[in-house]
Engineer: 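Encoded as structure tokens, here's the structure I'll be asking about.
Along the sequence shown, residues carry numbers from 1. Counting starts at 1 for both ligands and their atoms, following the listed order. Heavy atoms only: backbone and side chains are in, while hydrogens, waters and symmetry mates are out.
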Amino acid sequence: VLPALRRASEFSLGELAALFTASYENYFVPFQIDEPTFAYMADVFDLDLHKSLVAVEGGQPIGIANLGRRRDRTWLGGIGVVPASRRTGVGELLTRGLLDRARGAGAREMVLEVIAENTAAIALYEKLGFVRLRELEIFTLPAAEQGGAPDDVQVEVEEAIRRIAAYRDQPEPWQRDDDTIANLARRYPPPRGLVTPGAAAVYRVERGRVSLLQAAGNPSGLRAAVEGLRRMGILSAVNYPSGGSVAATMRVAGAEVSLRQLEMSLAL
Ligand SMILES: CC(C)(COP(=O)(O)OP(=O)(O)OC[C@H]1O[C@@H](n2cnc3c(N)ncnc32)[C@H](O)[C@@H]1OP(=O)(O)O)[C@@H](O)C(=O)NCCC(=O)NCCS
């Protein structure tokens with residue numbers, strides 16, 4: 001008997017956070033989602049909890065699938081099944097259910113990112129017709145000493161976004177695109193802008209860590225931006241396309257790749 005699919009909005013944020021955590025047990029990276037973190041994800045990544053799904057069996061929630069929605073695009077913002085119920089068709093049921101909800105809402109595409117070693121999830125997505133778009137990398141770069149002559153100038157975030165739009169040579173992945181930046185602008189700490197000769201960056205500083213949210217430009221401009229940002233703390237750059245200009249710059253600066261992800265897509 002297949003479990004029932006319920007709307008995520010029928011559950012509290014605390015229940016969803018606990019289910020999300022339980023569904024990612026034994027994951028590739030530590031994964032602990034508390035209520036504020038779940039609320040943050042729902043807000044910043046535009047999760048539609050009325051169309052996101054919870055699988056319920058015998059009164060117990062056993063799996064969750066989050067649907068992000070922006071105009072005619074959707075995003076599989078996390079799917080997991082509690083370990084005891086895996087390999088019984090629940091993940092497939094949830095994903096098919098999410099695709100149905102996305103189509104019903106008039107969406108044309110669903111995208112997702114998956115850790116490159118996650119063969120179980122990749123097999124599920126490929127079974128349902130998702131295709132590989134590109135590889136994304138997650139970088140970490142140690143902070144640098146102050147000193148030297150900084151080549152970067154702080155600007156309004158809108159100015160940096162405008163310049164990045166002109167320099168950009170590849171679309172941004174969902175988690176860092178312009179809609180995400182706009183959502184982050186309503187929160188603390190807000191995204192900030194930085195420009196150098198030939199490049200621009202949008203970033204956020206939180207507890208001594210700098211997140212590179214977007215960056216684009218020529219190699220020397222990007223290098224100057226990265227050197228400017230690492231003066232503010234440890235620099236992390238999440239989901240930059242392999243072989244792209246930001247990935248190349250991070251490598252040259254000495255950054256390590258901590259994780260590789262596949263970006264996948266399905267036309268609805
Ligand atoms: C990925 C995950 C959601 C799959 O859920 P599931 O309920 O076990 O998957 P299903 O039983 O519905 O399997 C559907 C298909 O997925 C693939 N699959 C699932 N688990 C697999 C595994 N361990 N190895 C290989 N293929 C697997 C198969 O193609 C399977 O089809 P089949 O039964 O015809 O072979 C589950 O393993 C999980 O919760 N993992 C931890 C969280 C996670 O990695 N989420 C994805 C993050 S992007």
Engineer: With a 4.0 Å heavy-atom cut-off, what residues sit around ligand 1?
Structural biologist: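 The 4.0 Å shell around ligand 1 contains Ser23, Tyr24, Tyr27, Ile79, Gly80, Val81, Arg86, Arg87, Thr88, Gly89, Val90, Gly91, Glu92, Glu113, Val114, Asn118, Ala120, Ala121, Ala123, Leu124, Tyr125, Lys127.
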Engineer: Could you check whether atom CD of Gln170 has more than 12 heavy atoms from other residues, nucleotides or ligands sitting under 6.0 Å from it?
Structural biologist: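 Counting other residues, nucleotides and ligands, CD of Gln170 exceeds 12 neighbours.
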Engineer: Got a salt bridge between Arg209 and Glu206, using NZ or NE/NH1/NH2 to carboxylate O under 4.0 Å?
Structural biologist: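 Not counted as a salt bridge, because no side-chain N and carboxylate O are separated by less than 4.0 Å.
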Engineer: With sequence neighbours excluded, tell me which residues meet salt bridge (charged side-chain N to carboxylate O under 4.0 Å, His left out) with Glu263.
Structural biologist: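 Salt bridge (charged side-chain N to carboxylate O under 4.0 Å, His left out) check on Glu263 returns Arg134.
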Engineer: Take atom CZ of Arg7 as the centre, draw a 6.0 Å sphere, and report whether it contains more than 12 heavy atoms from other residues, nucleotides or ligands.
Structural biologist: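 No, the 6.0 Å shell around CZ holds no more than 12 heavy atoms from other groups.
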Engineer: Of all residues at least two apart in sequence or in a different chain, which pass the salt bridge (charged side-chain N to carboxylate O under 4.0 Å, His left out) check with Asp100?
Structural biologist: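 Only Arg103 meet the salt bridge (charged side-chain N to carboxylate O under 4.0 Å, His left out) criterion with Asp100.
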Engineer: Test of understanding: with salt bridge (charged side-chain N to carboxylate O under 4.0 Å, His left out), list the residues that count as partners of Arg86, not counting sequence neighbours.
Structural biologist: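 Testing Arg86 for salt bridge (charged side-chain N to carboxylate O under 4.0 Å, His left out), a comparison that skips the adjacent residues, returns none.
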